[in-house]
Each structure stands twice: as structure tokens, then as C-alpha cells.
Amino acid sequence: MSAGQSVRPARRHRRSTAAVAVSALAAGLLLAAAHPAAAADQVYPVPASGSYTITGKGFGHGNGMSQYGAKGAATRGQTARQITDFYYPGTALTTQADPTIRVRLAAVESRPVAVAAKSGLVATDGAGKRWALSAAETTSWRIAWQPATKTFALQKLTGGAYTTVRSVPGPVTVGGPATITVQFLRAKGDCKGLSAVSYTGNLRTLSDGGLQRSAAYLKRDYYLRGVVPSESPASWPAAALQAQSIAARSYAGFQSGPGSWYDVWDTTSDQCWDGAAAHAASTDAAIAATAGQIRTYGGTPAFTQFSSSNGGYSAAGSKPYLVARADPYEQYSNNPNASWTKSVPVATLRSLAGLATVTRVRVTSRDGHGSWGGRIKALVVDGTTSTGAAASKSFGGNAFRSALGLRSTYFTFGTPAAAAVVAPQAPVPTVWRKSDRTWNPRGGTAFAQGTAYSTPLVADGNGDGKVELTTFDRATGRWTVQGATPFGWGKKNDIPVVGDRNGDKRTEVGIFRPSTGSWSIRGQSGVRWGKQGDLPILRDFTGDGRADLMLYRRSNSTWYLKGGGTVVFGRPGDIPVPADYDGDGRAEIAVYRPADLTWYIRGAAPVVWGQTGDVPVPGDYNGDGRAELMRYRPSTADWFPKGLPSFTWGKPGTDDIPVSPPE
């Protein structure tokens, strides 16, 4: 969208197949003879795996304000004015009156427009004549353009079909009740995907270029009530929502003016507007707190573009105040778009480029700002035609991004020599020695942490792909995380849990309180789920990228998933060992049975892998996305990963506790 990409990335990219992308881009791509890469080109030969791994940052164009950056700045105590000062340098904060804004309705574009029948509904035609649209006659009134007569038909729904009551000159304005509801003949294609929109204002439909067009007329600050919560989650800090209000109001002001029959679209082409269905108390308060405030440049509303995430570095835009600069605030926002990867088969590039074979990809131009040389402006796919002749296809960065459904143009291919990328570090076998309260990570330096009452865990709290060694003091409810300031979360006898509860690629810490059967995840609302004696487990069992609340009741070997089903799996005495063993993104329900030294994974064949006294420590130790069946033998400090060589790590015959890596 012109204003920005929403913080809800799932709704943004709907075209992903090469066939669709080829059709969309064919007009803008050039076929030319292949040529040697220039010295500045970043060259990526075809991987042996048959797929390129694309690693990127951010989501959206990166111009102007980062929505996640605004959230991060708000958590650091910045005000809305300070946030918009930072993202739109050189602009001024000004207060303006609340004008009427015209919002183009995409879902009824070039189509008749229907309005739910309601008492007081009135249509005014182009000659100024008013027509009552009675609610007693029908449930829906429709206005349809009639090209042959160049008039509009006022139609009512009767017996499942619309019938014409009269024809009138246009344009036609519909209003009257405090709230009107425009009904869409098809659901809106983006934003909240609504089938209707309700608001306080009027509807105007007219003929433009021989096609019917419709727009909602309403006050700008009221319009924002349907925009701000559709662009930024209503749960975000007040200052972030206020900054979004200022940016959205300014953007609407920039787009408004004479010369057109509308000001803004109601879609991601401009700003999402979902009407009353989106209204929320927190965003209403943010709009009221910034009433009339806009950013101006040279005395007129500024082009206050925004996007979900700039990946830590904003991009230069079309205005002097849309500058390229490092963004220090995104790192404080729990931003799921901070770093992302996508696997793209070479076959997809072959189809996209219209080549018989692909030999390499060359990035020929970047914007020069940030990692890897910045955002990609142009690249070339080299290969051959069906006759074996050398050929290549050139792409602009945005066209390539759109074709493959990438989150931004701020990306690289794998780890080229010209632009190295640090890959996430796979967890290493680690023990926590209770006797002297030290962590001993394999290949690392031992260090002291915790108390005699600590439970050792590992977590990736900052989302950098590396685990932090963590302890929870069961006597005091105090957490100590490697490299961070200790903090309290919980109380005596609570059971600690760790997992990525909100899907932001960072591990949250939390507790389960057996006395009340309640969960408390740091930064989230408490949940009652379970009872005394239950074992809490925080893993992603559903595959949605978020850790689920699961209970294992040892008394009856039953698993209880919050919001899901109940499964009996195991026997008394079994040790629960859930993990993602098949790499499908879901943790499998599983147990290790010391009685017969067997691993039982739901949906898979049992595996005998153990010896009396072994401790199961499953996890993805080699970074292939699948958990290994790992067991630790305290008597010898030996580790036995299924299918991999065994090794010794720890101190034999001591109170070393092996710690499983996080999911």
C-alpha cells in the first residue's frame, strides 16, 4: 500500500505461484543475452539442494515510520510526537480542522452498490430530489448505473432479486440514519475481508468514465477510528497508537483535495479502513488524544508513509523527510519481521524468468543502506533457453518481491562471499551442575548462575537464534537469564515454563502454579488450565508458530491441550518428551518409557533407544529442523543422539542436569 504494509503480514501477499507471477510481470521483463557479471554484482550460483534460501529483514517498503519501530519506541518511553519527529525529520506537528474525507470503496468498484434498509434512509439524486428508501418494503436497497440511459436505478430486494423502482439522474447520495451499512456483493479482498461496512456518514455513487464508482463520505477523525486498529493492533502501547493516528491522519490529508471524486482507497493501496467493525477503545482514545494533529512540510500535509517493519534500517522515499537511516527502536518491539527466510525452488525461478534452465542469480543494484548493501533495486536471473542459448531475465526489486511473495526487498540469497549472513546457532549439549551451580555448555566457557533451588532451562529471549542459559529459583520466583538483569516472575513452588507463546521468534518465560492450576506468561494475561499434579508443557502442538498450553496428567497418562482435544497416550511412569521429531513445525506428543527403554511418538513406530538410568533429552542439536532422540547417561556423562555419534560431556556420577534446547 502507499501508506504502508500492515503489521498483519498474512493478509498482504496472496499471489505466490510462478504462473501467476509470470503473467503479472511479463510486460516489464527484458530477455537479453547473458553477459559476465560486473565487479559489483553479487553472484549466487544455483544451490546443489535445488532451492535458494532467501534471508531477509522487515516487511513492506520501509519508507517513513516503521509500525514495529513505533511500538519499540513507545516501550522505551518515547511520546507520539517524538516518534513522528524521528520517522519524519524536517516535518512539523500541526493541528488542523476535521474535514470530510471521501473513501473509495474497492469492494463495489464498477458495480451496483447496496445499502441495508433502515428507518430514515434517503436517496438524493443529481437534481436534488429526495427519495425515501423505506425499510418496510425491503431489507436492502441498491443503486445501479444504467449506461444506456445514463441514469441510476433505485432498486429494492424482492424475492431474492433486485427490482427497479425508478430511474434517477446522478450522482446519487444516500444517508439519513446515524449509521448506514454498505453491503458488498463480494467480500473485500484485503484488510479484514468484510462483506459490509458500517459507518456514520453518507454514501455517494456516480459515473466516472462510464463506470459506476462509490465512496463513503465521513469526518476524517471518525474515518481514523476504522483505520488505526486495522493498521496497528489495538493492544499496542498508547504512544505507538497515537503515532499511528498522526501518520494516518497526515497521509489522508496529503491525499485529499480537488481534482478527483475521492481522496483515499479503503484498502492497502492507501490505508485499510474497516468502518465500525474495527473500532476499539484504545485506538479511539489515541485518536482523541491527537485530535486534528498532522505532520506538515512547507505548510501542507506530509506524505507520511509507513510500513510494518523496516528491518532496522529505513529506506529513502520520494520526499526529503523520507530518509534512509538506522532504526534503533525495532529491536525493542518483539518484531516477527526482524529476520525471515523463505525457500524458493530453482524451478520457480525458471518458470518466472521463462528460461529452460537457471544457472545463477545476480544482484546488480542495491540502495546502499543497511545489511548486504541494502535493499535490492535490480537483479538478473541467468540461464539458457530451450535451444540452449544463453539468456537472462532482468527484474526490479519490487517486481521480484511481488512475484515471489517476499516480505520486502531487503534480502539476500543464502550466504554469498560478498554479503555474509550469520546463521542461527544450533543449541549445544549443556549441563547445569547443581553442586556448584555452574552452566557447562559444550565448547563454551563454564559460568556460575542460579541457587541450590534453581531449575535450569534454555531460552532465546531476544530472537537472535542463539539460546540464553536461564535459571528459575523455585524458592523466590526469581529468574536469571544469561546476559540480562535478573527479574521476578512467579513465587515459591511455581513450575517454570519457556516457549514462544506469541509467535514472535522469541522465547517467553512463564510459570504454572499447581496450587491454583493457573499459567502466567510474562507480558500476557493469566490463564486457568490444570490442577495440582499436572505437568505443564509449552510447545507448538498445532503448527501455527505459537507455543500452546499443554498439560500432562501423570495419574492417567492424559494430555490436555488448551483450546484443543484430550489424548490418552502413555502409561504411569512414562516420561513425557514432546518435540518436533518430523520437522513439520508441530511438536508431537511423545513419551519415553524407562520400563522397556522405548520412545513412543504419537503417529510413529516405537523406537527402542536407551539403557537403564538414561535421561531423555530430545532436541534439534544439529539444526536440521528435526528433534533428535537424545539420551544422557549420568554414570558416564555420555550423550547418545539417535543416528549420530555419541560423545562425552559433563562430569560422570555427579548431579549434572542435562538441559533440552527450546522448541
Side-chain angles (χ1 to χ4, degrees), residues 455-458 472 474 493-501 510-521 526-544 546-620 626-634 640-642 657-663:
T455 296
L457 312 100
V458 290
F472 172 77
R474 299 184 309 280
N493 296 325
D494 286 349
I495 300 174
V497 291
V498 294
D500 181 8
R501 178 63 176 153
I511 57 93
F512 172 75
R513 188 158 296 158
S515 60
T516 60
S518 57
W519 300 66
S520 180
I521 309 299
V527 176
R528 292 293 295 272
W529 184 250
K531 66 179 185 178
Q532 189 84 34
D534 288 349
L535 180 66
I537 299 167
L538 199 57
R539 293 283 188 273
D540 182 9
F541 290 90
T542 59
D544 65 353
R546 302 168 185 262
D548 303 297
L549 307 184
M550 175 73 87
L551 295 166
Y552 177 71
R553 192 158 294 163
R554 286 167 282 201
S555 61
N556 59 7
S557 302
T558 301
W559 301 70
Y560 299 87
L561 177 64
K562 177 67 174 173
T566 299
V567 176
V568 177
F569 192 81
R571 297 177 184 172
D574 288 353
I575 300 171
V577 286
D580 184 7
Y581 293 98
D582 59 7
D584 67 350
R586 304 168 183 243
E588 281 77 47
I589 289 174
V591 297
Y592 173 70
R593 188 164 297 159
D596 59 9
L597 310 177
T598 302
W599 298 68
Y600 295 89
I601 302 171
R602 190 166 184 247
V607 178
V608 178
W609 185 249
Q611 181 176 304
T612 301
D614 287 355
V615 177
V617 200
D620 181 11
R626 301 168 182 256
E628 286 77 50
L629 275 62
M630 176 77 83
R631 51 193 174 88
Y632 172 75
R633 187 164 298 161
F640 300 90
K642 180 70 173 173
I657 300 173
V659 183
S660 294
E663 286 279 310

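- Residues passing the side chain to side chain contact (heavy atoms under 4.5 Å, CB included) test with Pro641 are Met630, Leu644, Phe647, sequence neighbours excluded.
- Interatomic distance, Arg539 CZ to Leu549 CG, rounded to the nearest 0.5 Å: 12.5 Å.
- Applying the side chain to side chain contact (heavy atoms under 4.5 Å, CB included) criterion to Asp596, with sequence neighbours excluded, gives Arg593, Thr598, Tyr600.
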Could you pull out every donor-acceptor pair under 3.5 Å between side chains of residues 561-572 and any protein atom, sequence neighbours left out?
none

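- Phe512 meets the ring pair (Phe, Tyr, Trp, His ring centres under 6.0 Å) test with Trp519; sequence neighbours excluded.
- For Tyr632, the ring pair (Phe, Tyr, Trp, His ring centres under 6.0 Å) partners are Trp639, not counting sequence neighbours.
- Ile657 is linked by a side chain to side chain contact (heavy atoms under 4.5 Å, CB included) to Trp432, Pro456, counting only residues two or more places apart in sequence or in another chain.
- Between the side chain of Asp574 and the main chain of Ser557, no donor-acceptor pair closer than 3.5 Å is present.
- Within the 4.5 Å cutoff, the side chain of Pro618 has no heavy atoms near those of the Tyr592 side chain.
- Annotation: salt bridge (charged side-chain N to carboxylate O under 4.0 Å, His left out) contacts involving residues 597-617, sequence neighbours excluded, comprise Asp614-Arg631, Asp614-Arg633.
- For Ala547, the side chain to side chain contact (heavy atoms under 4.5 Å, CB included) partners are Leu538, not counting sequence neighbours.
- Considering only heavy atoms from C-beta on, Val615 comes within 4.5 Å of Pro634 through its side chain.
- With Asp582 contributing its side chain and Asp584 its backbone, the two residues share a donor-acceptor pair below 3.5 Å.
- The salt bridge (Lys or Arg N to Asp or Glu O under 4.0 Å) check on Arg528 picks up nothing, with sequence neighbours excluded.
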